[in-house]
Chemist: 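The following block contains the structure, expressed as structure tokens.
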Amino acid sequence: MKAVILVGGQGSRLRPITFDVPKAMVPLRNRPFMGYMVDFLKRGGLSGAVLSLGYLPDPIQSYFDAQDLDGFSMDYAVEDRPLGTAGGIKNTEAYLDGEASVVVNGDVLSGIDLGQAVAAHQATDALATITLTSVEDPTAYGLVEVDHDMLVHRFLEKPAADEVTTNLVNAGVYVLEPEVLGMIPAGREVSIEREIFPELQAAGRLRAHVSSSYWRDIGTPRSYLAASHDVLSGAVGAGEGFEYLQVDGSVRREKGVKILPPVSVAVGCVLGRSATVGGRSALGQDCVVGEGAVVEGSILFDGACIEPGAVVRGSIIGPHARVGENAIVRGLSVLGAGCVVGEGNVLDQGVRINPGVVLPPRSMSF
Ligand code: GDD
Ligand code: MG
């Protein structure tokens, strides 16, 4: 059985990072998210996948071109304009074998047992079986009401707060019969959540399967950072040989550097005198952390530079971005690629700075 991985969306809630890096490629513990996705599909016994690409397809395709997938097949279907979640599935039809397939949203990190999902699907006459997970606030997801037999009674995408009747939501992992592809109109944007699932529900052919495994959609800064913390702390089925302290041999540490695991520091990083790095942080390749600077609970993309005395906490620093001397970036702030936060600035409360923006230094008064 093959999978379709939907990775064509713009990742707009994860901007400014996704202006340059597609959501599917953001790193978790210094490995692109797609690496975890393929492990997940292989663990589920699938033989290969078709990527449904649209926005920024090249970095995703190049990543897989350079990987040895050990017999797992990978095909690519690129749309020239957004076709929506159902249109994106239909666009992969030529690569599917006319049998049932698994479809996954390409931004879901999970420990769902795909074998169980497929078995649940095969035990009924459903044309589609959705995996459900429970969340605190269903308003950002597809709400799914089921009966005692797991027949879906209602599928409501992004319910308003007063429409919430259950905490079970669509986990973005489906088993679909080939007939479903025939229900998707060609040549226009079609949403599986807003058009196809309600149609299948009305026909009594949509069923569900509940999973209690780890599950997270990485599509917002908060959830991406939380997923990064989880992967670094081994909360996502870490497997054997997991190291809480992952520091590449090439990393240069000057005197007095404090490294607090869990942490991942990639090749070529330089940690200056008395710098503190860790507390569930991941530093990409060639990052520089200056003298006395602190990086905690954060993600630094490749080439980020944290100058002497600066503090970065619980934030996301895009590729080649620079945090100036004694500046503070905290509270889930997100810096786009190549931007500069001048000396002495304080960024807090989820501030997002677009790629290339330069914030001038702020003089400090004592
Ligand atoms: N090929 C293609 N074309 N892919 C797309 C398109 C498109 O036009 N639009 C979105 N996608 C991909 C995204 O890249 C993502 O991997 C996946 O489809 C889901 O899109 P999101 O934009 O992340 O949707 P969401 O998170 O708001 O909601 C979806 O996921 C939830 C679970 O995480 C829905 O399926 C919800 O019902 C669900 O609960
Ligand atoms: Mg999503």
Side-chain angles (χ1 to χ4, degrees), residues 3-15 17-18 21-26 32-34 36-37 40-41 49-57 59-61 75-93 95 102-110 112 128 130-145 152 154-159 163-164 166-174 176 181 184 186-198 200-201 206 208 210-211 214-224 226-227:
V4 171
I5 314 175
L6 287 167
V7 285
Q10 298 195 357
S12 50
R13 281 160 298 180
L14 206 49
R15 286 179 188 154
I17 292 299
T18 43
V21 182
K23 188 161 59 169
M25 290 300 291
V26 297
F33 180 64
M34 273 299 111
Y36 297 86
M37 178 59 84
F40 165 70
L41 297 174
V50 191
L51 281 170
S52 175
L53 299 151
Y55 177 70
L56 293 181
I60 307 176
Q61 205 164 337
D75 292 299
Y76 309 95
V78 188
E79 60 205 28
D80 46 22
R81 66 202 151 84
L83 292 174
T85 45
I89 299 168
K90 193 168 180 72
N91 201 38
T92 65
E93 197 165 8
Y95 299 99
V102 165
V103 174
V104 288
N105 283 349
D107 62 347
V108 163
L109 178 67
S110 88
I112 289 172
I130 310 175
T131 305
L132 308 183
T133 189
S134 55
V135 293
E136 227 162 82
D137 177 13
T139 56
Y141 305 101
L143 179 106
V144 185
E145 288 176 14
V152 175
R154 191 172 187 214
F155 189 106
L156 186 58
E157 184 64 14
K158 310 279 185 310
E163 291 175 306
V164 172
T166 169
N167 66 350
L168 287 177
V169 300
N170 168 20
V173 175
Y174 325 125
L176 300 187
L181 276 79
I184 303 171
R188 69 168 171 92
E189 194 170 335
V190 187
S191 158
I192 194 159
E193 297 86 352
R194 294 179 193 278
E195 292 189 51
I196 308 302
F197 286 156
L200 283 164
Q201 182 274 321
L206 184 62
V210 178
S211 163
Y214 177 92
W215 183 88
R216 208 185 276 285
D217 174 319
I218 63 154
T220 64
R222 184 179 299 283
S223 60
Y224 170 40

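Just so you know, these numbers come straight off a predicted model, no measurement behind them. Atoms within each ligand, like the ligands themselves, are counted from 1 in listed order.
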Chemist: Tell me the nearest of Arg194, Gln10, Glu157 to atom 36 (C) of ligand 1, using heavy-atom distances.
Modeler: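 Heavy atom nearest to atom 36 (C) of ligand 1 belongs to Glu157.
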Chemist: Are any of the N/O atoms on Leu53, whether in the backbone or the side chain, positioned under 3.5 angstrom from an N/O atom of ligand 1?
Modeler: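 No - when backbone and side-chain N and O of Leu53 are compared with those of ligand 1, no distance drops under 3.5 Å.
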Chemist: Could you give me the CA-CA distance, side-chain angles and deciding distance for Trp215 and Phe40, then say whether ring-ring contact (aromatic ring centres under 6.0 Å, His included) is met?
Modeler: CA-CA 12 Å; Trp215 183 88; Phe40 165 70; over 10 Å; no
Chemist: For ligand 1, is there an N or O atom under 3.5 Å from any N or O atom of Gly142?
Modeler: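 Yes, since at least one N or O of Gly142 sits under 3.5 Å from an N or O of ligand 1.
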Chemist: Between ligand 1 and Tyr141, is the shortest N or O to N or O distance under 3.5 Å?
Modeler: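 N/O-N/O distance below 3.5 Å does not exist for this pair.
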Chemist: Among Gln61, Met37, Met34, find the residue that satisfies the side-chain contact (heavy atoms from CB on, under 4.5 Å) test when tested with Leu51.
Modeler: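 Filter result, single survivor: Met34.
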Chemist: Report the member of Asn105, Leu132, Thr18, Val169 with the shortest heavy-atom distance to atom 31 (C) of ligand 1.
Modeler: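 Shortest heavy-atom distance from atom 31 (C) of ligand 1: Asn105.
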Chemist: Indicate yes or no: does an N/O atom of Asp217 lie under 3.5 Å from an N/O atom of ligand 1?
Modeler: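 The answer is yes, given that Asp217 and ligand 1 share an N or O pair closer than 3.5 Å.
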Chemist: Please work out whether any backbone atom (N, CA, C, O) or any side-chain heavy atom from C-beta onward of Phe33 is under 4.0 Å from ligand 1, and answer side chain, backbone, both or neither.
Modeler: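 Neither part.
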Chemist: When you compare ligand 1 with Gly106, is there at least one nitrogen or oxygen pair between them that comes in under 3.5 angstrom?
Modeler: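 Looking only at distances, the answer is yes, because the N/O contact criterion of under 3.5 Å is met.
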Chemist: Any N or O of Val108 that comes nearer than 3.5 Å to an N or O of ligand 1?
Modeler: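 N/O-N/O distance under 3.5 Å: no.
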Chemist: Is the closest N or O pair between Trp215 and ligand 1 shorter than 3.5 Å?
Modeler: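 No; every N/O pair is 3.5 Å or more apart.
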Chemist: Tell me, with the steps shown, if Glu193 and Ser191 meet side-chain hydrogen bond (donor to acceptor under 3.5 Å, both in side chains).
Modeler: CA-CA 5 Å; Glu193 297 86 352; Ser191 158; 3.2 Å; yes
Chemist: In terms of relative ring orientation, are Phe197 and Phe155 parallel, tilted or perpendicular, with 30° and 60° separating the classes?
Modeler: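 Ring orientation, 0 to 90° scale: tilted.
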Chemist: Between Glu189 and ligand 1, find which residue part has any heavy-atom pair under 4.0 Å and reply side chain, backbone, both or neither.
Modeler: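 Answer for Glu189: neither.
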Chemist: Which option wins on minimum heavy-atom distance to atom 18 (O) of ligand 1: Val173, Leu83, Leu6?
Modeler: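 Ranked by closest heavy atom to atom 18 (O) of ligand 1, first place is Leu6.
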